[in-house]
Peer 1: 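Pasting a structure below so you can have a look.
Please read all numbers here as calculations on a predicted model, not as lab measurements. Every chain is numbered from 1 and lettered A, B, ... according to where its sequence line falls, protein lines coming before strand lines. Just the heavy atoms: all of them, side chains too, but no hydrogens, waters or symmetry mates, feed the values below.
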2 protein chains.
Amino acid sequence: MTGARMSKGDATRQRLLDAAQRSILEKGFTATSIDELIAECGLTKGGFFYHFKDKNDLAKALLRRYIAEDEEVYDRIFSQARDLVDDPLQVFLLGLKLLADVMGDMPNGHPGCMVAVSTYYERMFDRELRDINTEAALQWRRRFRAILDEIGTRYRPREPVDLDELADLVSSVLEGGIVMAKALHDPVSLKRQILTFRAMVQALFVRIPEG
Amino acid sequence: MTGARMSKGDATRQRLLDAAQRSILEKGFTATSIDELIAECGLTKGGFFYHFKDKNDLAKALLRRYIAEDEEVYDRIFSQARDLVDDPLQVFLLGLKLLADVMGDMPNGHPGCMVAVSTYYERMFDRELRDINTEAALQWRRRFRAILDEIGTRYRPREPVDLDELADLVSSVLEGGIVMAKALHDPVSLKRQILTFRAMVQALFVRIPEG
DNA sequence: CCGAAAACCGACCAGAGGTACAGTTCCGAT
DNA sequence: ATCGGAACTGTACCTCTGGTCGGTTTTCGG
């Protein structure tokens with residue numbers, strides 16, 4: 001990616017993935033034609049099928065790449081949060097704040113989540129792609145769950161909640177926030193949704209007395 | 001719908017919408033072919049275009065019908081909640097509980113939200129359809145906002161939250177919960193997401209002393 | 001400079017999506 | 001019974017789409 005030495009073929013592959021991602025998030029998978037992609041990237045049919053054996057293969061590569069970049073963003077944000085504060089609850093709250101900022105700084109709003117798109121095209125894809133999708137969701141759960149476990153050592157929830165479900169709720173708010181921001185035509189909405197959720201997290205946990 | 005007298009034409013129209021909704025939620029809009037729909041409903045191309053002037057027109061009718069049914073469900077649930085309890089916070093909490101039950105009782109999980117699908121196909125649709133979509137989101141906001149306003153007369157939030165944003169967060173949790181349930185291949189997940197959110201609402205509000 | 005692998009070209013195909021419209025059947029009101 | 005519109009049928013046509021394949025150029029190590 002960023003300046004990494006890559007062959008001409010790799011560069012073309014990346015350009016195809018970029019074009020595909022933009023178009024798919026805008027119009028959907030089936031509405032994105034191969035003809036359209038190769039026109040944008042300045043190559044021909046043969047060139048495309050040299051890189052991907054079929055359209056499903058493209059979707060697979062795209063989803064993998066998307067998830068990898070997504071994970072990178074989360075890693076960066078939460079390691080940054082850990083550097084700045086110690087208390088696990090404060091780490092989580094700061095992480096949500098930083099995440100909200102990232103989402104809010106996107107000029108046209110979040111472009112959409114490939115995982116969400118894939119769930120709505122489930123039946124069109126092969127098993128492997130569906131598994132990639134499920135794994136991404138589980139990865140999110142593990143990530144947030146880990147932080148929640150740390151929080152649990154020093155705080156207790158005012159109301160009983162299962163931590164796996166609370167972890168999933170973070171993902172739900174993000175996915176749902178993206179949908180709502182698009183539906184409302186209000187790019188900043190996603191940021192506010194995250195911050196409102198953050199306030200609710202803050203209200204949920206109460207410090208356990210030391211000892 | 002339910003037993004209401006309808007002409008043969010209306011019945012066909014409904015069957016077409018039923019088939020379209022099922023297919024669109026499963027495969028997406030563009031992947032749903034007219035040929036497929038007419039085969040399922042036992043009529044021909046011409047018959048289809050007698051009812052809908054084009055595919056966009058079908059989408060429009062479908063979205064309108066979906067939203068109307070959706071509103072009916074919410075109306076029923078929250079009026080039921082109002083009949084059972086008095087306190088506004090309890091009405092909201094009971095409403096969320098009933099909603100969770102409805103979602104949990106769907107054998108194959110929530111089939112998906114047409115509004116969410118539409119947001120990911122935005123650029124394909126005309127302005128009218130996009131407006132319908134936005135209006136649906138605003139309608140949800142008004143609905144939940146009204147309840148939250150009532151709650152605000154007797155409770156205060158532990159952390160500062162904007163009530164419009166909290167209202168939108170309800171929608172986000174529902175939309176995101178549907179996506180996550182599909183991604184995780186766990187139909188019951190949506191129900192648990194709603195209940196976890198419910199617990200957070202309960203933790204958020206604290207009674208204002210009378211007087 | 002050479003040769004082989006990588007990267008790409010472009011003609012072609014079968015089938016699906018979508019449009020148009022003239023003709024036919026159904027059906028209820030008069 | 002019959003008339004007129006509603007509810008279709010049948011067909012002809014055209015574009016676009018995913019995908020194939022043999023051939024050509026580019027690249028690059030030796």
Side-chain angles (χ1 to χ4, degrees), chain A residues 1 4-63 117-118 121-126 128-129, chain B residues 1 4-62 65 117 121 123-126 128-129:
Chain A
M1 257 120 282
R5 260 262 173 272
M6 63 166 82
S7 63
K8 191 186 174 211
D10 282 342
T12 303
R13 205 182 141 91
Q14 291 301 320
R15 270 190 301 135
L16 280 170
L17 289 173
D18 288 341
Q21 180 158 326
R22 228 176 313 125
S23 180
I24 287 175
L25 289 176
E26 193 166 294
K27 304 187 298 183
F29 179 69
T30 43
T32 296
S33 72
I34 295 172
D35 279 338
E36 172 195 336
L37 298 179
I38 59 181
E40 189 175 334
C41 296
L43 73 165
T44 57
K45 273 274 171 73
F48 177 89
F49 285 100
Y50 171 77
H51 289 287
F52 305 101
K53 76 175 215 288
D54 56 24
K55 224 185 157 188
N56 215 311
D57 193 39
L58 168 73
K60 222 175 288 179
L62 196 50
L63 190 58
V117 170
S118 301
Y121 279 97
E122 234 198 349
R123 296 301 163 96
M124 292 200 61
F125 295 134
D126 59 18
E128 193 186 346
L129 199 142
Chain B
M1 257 125 278
R5 260 264 172 271
M6 62 168 81
S7 64
K8 191 188 173 207
D10 283 342
T12 303
R13 205 182 141 91
Q14 292 301 319
R15 272 189 300 134
L16 280 170
L17 289 173
D18 288 341
Q21 180 158 328
R22 228 176 312 124
S23 180
I24 288 175
L25 290 176
E26 193 166 290
K27 304 187 299 185
F29 179 69
T30 42
T32 296
S33 73
I34 294 173
D35 277 337
E36 173 196 337
L37 298 179
I38 61 182
E40 190 175 334
C41 296
L43 71 166
T44 57
K45 275 257 175 91
F48 176 88
F49 287 101
Y50 171 76
H51 289 288
F52 305 101
K53 75 175 215 286
D54 56 25
K55 226 184 157 190
N56 216 310
D57 193 39
L58 169 73
K60 223 176 286 179
L62 197 50
R65 195 184 69 153
V117 170
Y121 280 97
R123 297 299 163 98
M124 292 200 61
F125 296 133
D126 59 18
E128 192 186 348
L129 199 141

Peer 1: Has Thr12(B) got a side-chain N or O lying under 4.0 Å from the OP1 or OP2 atom of dA7(D)?
Peer 2: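 False: Thr12(B) side-chain N/O out of range (4.0 Å or more) of dA7(D) OP1/OP2.
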Peer 1: Under 4.0 Å, counting only non-hydrogen atoms across every strand here, what does Phe49(B) touch: a base, just sugar-phosphate, or nothing?
Peer 2: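 Result for Phe49(B) = base.
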Peer 1: Starting from the C-alpha separation in whole Å, work towards a yes-or-no answer on side-chain contact (heavy atoms from CB on, under 4.5 Å) for Thr12(A) and Tyr50(A).
Peer 2: CA-CA 11 Å; Thr12(A) 303; Tyr50(A) 171 77; over 6 Å; no
Peer 1: Is any side-chain heavy atom of Asp126(B) closer than 4.5 Å to one of Lys60(B)?
Peer 2: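 A side-chain contact under 4.5 Å exists here.
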Peer 1: I want to verify a distance call: between dA7(C), dG18(C), dG18(D), whose nearest atom is closest to the Tyr50(A) side chain?
Peer 2: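 Nucleotide nearest to Tyr50(A)'s side chain: dA7(C).
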Peer 1: Is it the case that dG18(C) (base atoms only) and Lys45(B) (side chain only) share a donor and an acceptor within less than 3.5 Å, ignoring hydrogens and angles?
Peer 2: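 It does, because a donor-acceptor pair links the side chain of Lys45(B) to the base of dG18(C) below 3.5 Å.
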Peer 1: What integer distance in Å separates Asp10(A):CG from dT26(D):P?
Peer 2: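 To the nearest whole Å, that distance equals 20 Å.
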Peer 1: Ignoring hydrogens and angles, tell me if any N or O in the side chain of Arg15(A) forms a donor-acceptor pair with the backbone of Cys41(A) under 3.5 Å.
Peer 2: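 Such a contact is found between Arg15(A) side chain and Cys41(A) backbone.
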Peer 1: Nearest to the side chain of Leu43(B), heavy atoms from C-beta on, is which of dG19(D), dC8(D), dC9(C)?
Peer 2: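 Of the options given, the side chain of Leu43(B) lies nearest dC8(D).
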Peer 1: Would one find a side-chain N or O of His51(A) under 4.0 angstrom from OP1 or OP2 of dA6(C)?
Peer 2: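 His51(A) to dA6(C) OP1/OP2: no side-chain N or O under 4.0 Å.
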Peer 1: What's the NZ-P distance between Lys55(A) and dC16(D), to the nearest Å?
Peer 2: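 My rounded result for the distance is 16 Å.
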Peer 1: Tell me, with the steps shown, if Lys45(B) and Asp35(B) meet side-chain contact (heavy atoms from CB on, under 4.5 Å).
Peer 2: CA-CA 7 Å; Lys45(B) 275 257 175 91; Asp35(B) 277 337; 3.2 Å; yes
Peer 1: Which whole-number value in Å describes the distance from Phe52(A) CZ to dC8(C) C1'?
Peer 2: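 To the nearest whole Å, that distance equals 14 Å.
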Peer 1: Kindly give the heavy-atom pair with the smallest separation between Thr32(A) and Lys55(A), and that separation in Å.
Peer 2: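 That would be O-NZ, 2.9 Å.
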Peer 1: Between Phe29(A) and Gly46(A), which has a closest nucleotide on DNA chain D that is more 5'?
Peer 2: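 On the 5' side of the pair lies Phe29(A).
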Peer 1: Roughly how many Å is it from CG in Leu16(B) to P in dA7(D), rounded to a whole number?
Peer 2: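 Nearest whole value for this atom pair: 12 Å.
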Peer 1: For residues Phe49(B) and Asp54(B), report the shortest heavy-atom separation together with the two atoms involved.
Peer 2: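 Closest approach of Phe49(B) to Asp54(B), heavy atoms only: CE2-CA, 4.1 Å.
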Peer 1: Is there a residue in residues 31-39 of chain B whose heavy atoms reach under 4.0 Å of DNA chain C, and which residues are they?
Peer 2: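 By residue number: Ser33(B), Ile34(B), Asp35(B).
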Peer 1: Output the rounded distance in Å from CZ (Phe48(A)) to P (dC8(C)).
Peer 2: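 Result: 13 Å.
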Peer 1: Please examine the side chains of Leu37(A) and Leu58(A), heavy atoms only from C-beta on, and report whether any two atoms are closer than 4.5 Å.
Peer 2: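 Answer yes - side chains close enough.
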